[in-house]
Structures are given as structure tokens and as C-alpha cells.
Amino acid sequence: MQGRCGGLRVSSPCPAPQPLRKARFFVSTAHTVRPSSPRPLLVRSIPALWTFAFGLWGLSRQDSVWRDEAATWQVARRSTAETVHMLGNVDVVHGLYYLLMHGLFDLFGPGTAVLRLPSVVAMAVAASCVAALGHRLAGPWAGLGGGLALGLLPAVQFYLQEGRPYALVAAGAGISTLLLVTLLEGRGRAVHWVAYGSTVALGGLLNWLSLMILPAHLATLLWTRADRATAKRWTAAAVAAATCVLPLVLFSRSQSAQVSWIPPLTWHMLIGPAILLAIGCAGALLDRPRARRLSAAAVGLPLLAVPQLGLVGLSLIQPLFLDRYVLFSLLGLALLIGVAIGAAVEAVARRRPRAAPWVLPVVMAVAVAALLPQALAKRSPASRVDDVLAAAGDIRRMKKPGDAVLFIPAARRDTWLVSPDAFAGLRDIALARGPEESGTLKGTEARPDRIRAAMLAQRRILLVTDAPGVARPPATERERAKTSVLRTHFRPVADEQARGRRVTVYERRTGAR
């Protein structure tokens, strides 16, 4: 048969029209909207390597060590018995960290790299945990963005290269939060609960203020409406962790004079936490929960807000408001920043699919450029109050055989304790018992009258003290006695100031009694 098909003469009937393959069309369209996602291994490893690289950059800070790190340095060089003796009198809150650093100094020797590398590694672990949390709760781009953002935060860059325990506490907070999410997702077992409680306890032994992560996690449980069985297991793990740390908390209260220098809480101190909370809330609003209740907002916002507000509350009772005590709360901020970055990637993907993978690199490039001045400043000796090693170098150049040395205040003896070779041949005429013997950080000094007599028997005295910009008036009778004798019976003949420390050479006045 002949017929017509579309105006053409054909010898067979026209084929029946085929239906459009709508399902295939829409699947293909949906596929083009979403950018290719990074693999889980890359999501976790890239932020860790990124943060580790930031930590290695300028690690020695031009061979400078400031007073807080000097405490770690000198205690890490003591024997275990001497350290335990000291902890009974001072700094018990950092006891576990000192013992850890003692082991590392024994293995690798003292040095700025050994002093700071544990913090670098710990913060890299924390960045990986943030990335894993973001990936699970808000998608791979949120995880990658949050993990990269953590290493760029100014406070993190400061303590990333600090020979103190705060980065290690942050790593513990990241691991415990990741374990909690695993348990809330129903994928955990008894061993995960044990690991969770142990990690929280370990963080508390490094700094017991890190126990404020427990009320943050409790807020997450309430937010996600965890079932009764999960709540009971969490309560058991939390109580066990707190019980392990409680003796440290009670004993450290007897050494509370160590933090008496912290100023009372004022309104201007709250500006920084308020800004952080505002940024965190903005990120939480952009979160789109991928699970029924568990979300990045439910984890990140309590982790950021509860420790900050808890520290404010404690500071109303006793001044304790220092950002380093709740450094671990910035993991929540980084997680919420990652949520915002993930939302931006998805928004761009809906309009320009090919441009979506470039959102994160562009954001990171802009952030690095904007924060570069701060990053450079954090890696300079001027970023800290003083430099112990700079004063030791001045001592080497200015001392002469038979000279005596004094320290005002006595805590400036840390220069001698960190660099004893620089003080070879000098006599510390105020010291009665050394730090190891007395179980203290700075040793114990003689009575003011004995210090005065010892000073008057000297021809030359080297004084190690603070530079004028950070120096405080003499606060004790011993300090006033030292200052009075130097002013009355000696005259300065040489003076060097470097990086917050000052070394002055005094000679006896001619004809002075």
C-alpha cells in the first residue's frame, strides 16, 4: 500500500509515533545541575594536609619562644619525679601535657619543632574531623569547605603553632563529636561509647574546661530528640568521663592563684563571642538537614555556642575569660561555615553547573588573601608578649666573668631555665632553692634583706626584666628591694631590649657603701 507520511509518498504505513523519554530527560537534567562531588577520602585528607602545611609555615617564628611555651620547655626537660613534685604545687591542670612533652623531648631532644609539632598534628586531626562531620551532615562540599576554613581562622592559626595543650584539646573535641554523630546515626556499638567517654576524659585531663563539650553534646541530643536508650548510654559515658576528671578539677582549685592575673569580665570582651555566634547562626540558617533530625546545625551550633556562653557564665563567678580555654568551640564555627559554602555551591550549580566546582577554590583564595596579613603577623615574634630566647642571646653578649644576675619578676628566670648555657659563669644571687628542688616553675628566692646584702657585695649585676611596654610595677617586697638597691647603689652602663624582654647591665657607683 502507498500512503503519505509527512507529505512524502511511501509504500508502507507511517510508523506509530514514539513517546518522549521524559524520565531519562529529567534524570540527565538533574545530573547536570549537581557538580561532581569530591570523594570521601579527599574530603577528609585535603583539610588535614592544608592545616598541617599552615602549621609548618614559619614554625620556628624566627627562633623565638615566649613565656607560656617556656613553661612547657623547662618542665619537659625535668625528670618524671621532678615533674610530679612540681604538679603538687603548681600547674597541675597541665600535668598530662607536661608528661607527654617530657616523653617527646626525651625521644627527639628539645627544640621549637618538637615543642610545636604536636599542636600542628592535633589541629590537622581536628580539621579532618570537621570535614568528616560536614560530609556526613551537609554533603561533601560543606565538609571540604568546613575543614579548610578551620585552618584559616585567626585564633586557630595562633594556637596551631603553640607549645601548649589547646590544639590537642581541639583534636579530642573533634574526635568525640564525630563519635557522637556515629552513635546518633545508629551505626555505633559499645566500643564507640567507650571510645567516646575515653576521648572526653582525655580532653578533660589536658584541660578540664574542655568538659564544657558535654553540655554542648547534650544540646545536640535534645535537638535531635535522641531515643531513651541512646540518652541513657550517653549519660553513662558522660558521667564516667566527668568522674575521671573530677579529682583534677578539685585539686586544681587549690592552685587557683595561678589565674588571678586574668581580668574580670567586661562588656567589650563579649564582642568577639557575639560576632562568632552571629556567624554561626547565619550558617545554621543555611543548613538543609539531609537526615530526619540530625543536621549540621544541630551539631555545630551547640558546639560553638555552649562553651562560649559557659565560659562567660564561669567568668561571672571567677575571671577565666580567655579564648584559648574554649578554642575547641571553633570547630562548630568551621562546620557552620562549611554549611554556608556548601549552600553556595548548590546555588551556583542550579544556574551554572560548570562553574559550581570553582566556588570553593575562589572562596578559599579570597579568604587567604584577606587573612594573609594576620597569618604573617601570627608567625612573627611580635605576635607574642615576649621572647625568652632573645634575652638569652643578649646575656651571652653582655656578661663578663664574675657577674651576678637578677630577675624582676622572678618568673623571668625562665630565660635561664630554657637556655642555661647562656648563663654559664653567672651567679643567681637571689635564688635560695632551684625550681626542681622547690617543685616550682621559677624557684624560691631568699628574704629581701639577704637579697639586698648579696647585691651590695657585687660589682656588676645583669638584670633580666620585661621591656617597658609590658613591664609592671614591682609587686612584691623582694622586687621592691631589688629595684631600690639598683637605683641607689648602681648605675646602668648597658641596656638591650628585644621582643618584650630587657637586659640591663648595672655597675656599682664609685664611692657607694
Side-chain angles (χ1 to χ4, degrees), residues 58 60-74 112 115-116 158-159 161-164 258 260-263 322 324 373-374 376-400 403-423 426 428-431 435 441-443 445 451 455 458 460-488 490-507:
S60 71
R61 289 202 305 273
Q62 301 176 28
D63 294 321
S64 66
V65 173
W66 79 294
R67 62 183 65 170
D68 280 17
E69 293 179 310
T72 301
W73 187 303
Q74 56 151 311
T112 54
L115 180 69
R116 295 172 183 145
F158 188 94
Y159 294 106
Q161 297 181 333
E162 186 84 350
R164 299 299 277 174
Q258 284 186 264
S260 60
W261 61 271
I262 300 178
L322 294 175
R324 57 180 179 246
Q374 286 205 36
L376 293 172
K378 295 288 186 293
R379 287 158 176 80
S380 71
S383 64
R384 271 67 174 176
V385 175
D386 55 9
D387 178 12
V388 175
L389 298 183
D394 293 336
I395 289 289
R396 284 191 179 91
R397 293 191 302 270
M398 301 168 73
K399 69 179 182 179
K400 291 183 179 180
D403 287 352
V405 64
L406 284 176
F407 302 92
I408 299 179
R412 297 305 152 258
R413 190 170 281 108
D414 55 5
T415 299
W416 168 48
L417 298 172
V418 170
S419 301
D421 57 316
F423 290 78
L426 297 178
D428 188 345
I429 55 177
L431 187 65
L441 284 170
K442 59 187 178 183
E445 295 191 335
I451 295 175
M455 292 176 66
Q458 307 303 316
R460 275 173 46 107
I461 295 177
L462 276 67
L463 174 67
V464 180
T465 185
D466 293 318
V470 296
R472 297 181 179 181
T476 66
E477 189 177 354
R478 290 182 178 88
E479 293 176 14
R480 288 189 288 269
K482 296 174 187 177
T483 303
S484 175
V485 173
L486 289 173
R487 185 184 299 116
T488 305
F490 290 80
R491 62 185 179 89
V493 296
D495 185 81
E496 291 288 343
Q497 299 181 37
R499 300 174 178 175
R501 290 286 173 102
R502 183 178 189 177
V503 179
T504 307
V505 180
Y506 286 89
E507 284 188 357

Intermediate values then yes/no, side chain to side chain contact (heavy atoms under 4.5 Å, CB included), D394 and R396: CA-CA 5 Å; D394 293 336; R396 284 191 179 91; over 6 Å; no

Would you please test Q74 and W416 for side chain to side chain donor-acceptor pair (under 3.5 Å) and show each step? CA-CA 10 Å; Q74 56 151 311; W416 168 48; over 6 Å; no

Result of checking V405, I451, L406 against I429 for side-chain contact (heavy atoms from CB on, under 4.5 Å): L406

Could you check whether R487 makes a cation-pi contact with Y506, meaning its NZ or CZ is under 6.0 Å from the centre of the six-membered ring and within 45° of the ring axis? no

Hey, mind stepping through T415 and R501 against side chain to side chain donor-acceptor pair (under 3.5 Å) and telling me if it holds? CA-CA 10 Å; T415 299; R501 290 286 173 102; 2.7 Å; yes

Just wondering, do R324 and Y159 contact through their side chains at under 4.5 Å, heavy atoms? yes

Find out whether L389 and S64 are in side-chain contact, i.e. whether some heavy atom of one side chain is under 4.5 Å from a heavy atom of the other. no

Is E69 paired with R61 through a side-chain N to carboxylate O contact shorter than 4.0 Å? yes

Tell me which one of D495, T465, D466 satisfies side chain to side chain donor-acceptor pair (under 3.5 Å) with R502. D495

Got more than 12 heavy atoms from elsewhere within 6.0 Å of CD, E477? no

Answer yes or no: is there a side-chain heavy-atom contact under 4.5 Å between L463 and I408? yes

Is the NZ atom of K442 crowded by more than 12 outside heavy atoms at less than 6.0 Å? no

Between P435 and L417 the two heavy atoms that sit nearest each other are CG-CD2, 3.7 Å

What is the minimum heavy-atom distance between F407 and D428, and which atoms define it? CE1-OD2, 3.5 Å

Show, in sequence, the C-alpha distance, side-chain angles and deciding distance for S419 and V388, and conclude whether the side chain to side chain contact (heavy atoms under 4.5 Å, CB included) test is met. CA-CA 9 Å; S419 301; V388 175; 5.7 Å; no

Can you tell me if S383 uses its side chain to pair, donor with acceptor, with the backbone of S380 under 3.5 Å? yes

Salt bridge (Lys or Arg N to Asp or Glu O under 4.0 Å), that's the test. Do E162 and R116 meet it? Break it down for me. CA-CA 6 Å; E162 186 84 350; R116 295 172 183 145; over 6 Å; no

For the student: nearest non-hydrogen atoms of Q497 and A467, plus distance: OE1-CB, 4.2 Å

Passes side chain to side chain contact (heavy atoms under 4.5 Å, CB included), F490 versus I461? Steps please. CA-CA 9 Å; F490 290 80; I461 295 177; 3.7 Å; yes

Are R67 and D414 close enough for a salt bridge, meaning some N to O gap below 4.0 Å? no

Start with the C-alpha distance between T504 and L462, add both sets of side-chain angles, then the distance that settles side chain to side chain contact (heavy atoms under 4.5 Å, CB included), and finish with yes or no. CA-CA 6 Å; T504 307; L462 276 67; over 6 Å; no

Minimum-distance pair of heavy atoms, taken over all atoms of W261 and L322: CH2-CD1, 3.9 Å

Answer yes or no: is there an ion pair linking R472 with E479, defined by an N-O contact shorter than 4.0 Å? no

What pair of heavy atoms forms the shortest contact from G163 to T72, and how long is it? O-OG1, 2.8 Å

Do R379 and Q161 touch side chain to side chain, with heavy atoms closer than 4.5 Å? yes

Presence of salt bridge, K482 and E445, under 4.0 angstrom: yes

Donor-acceptor pair, side chain of T488 and main chain of S484, under 3.5 angstrom: yes

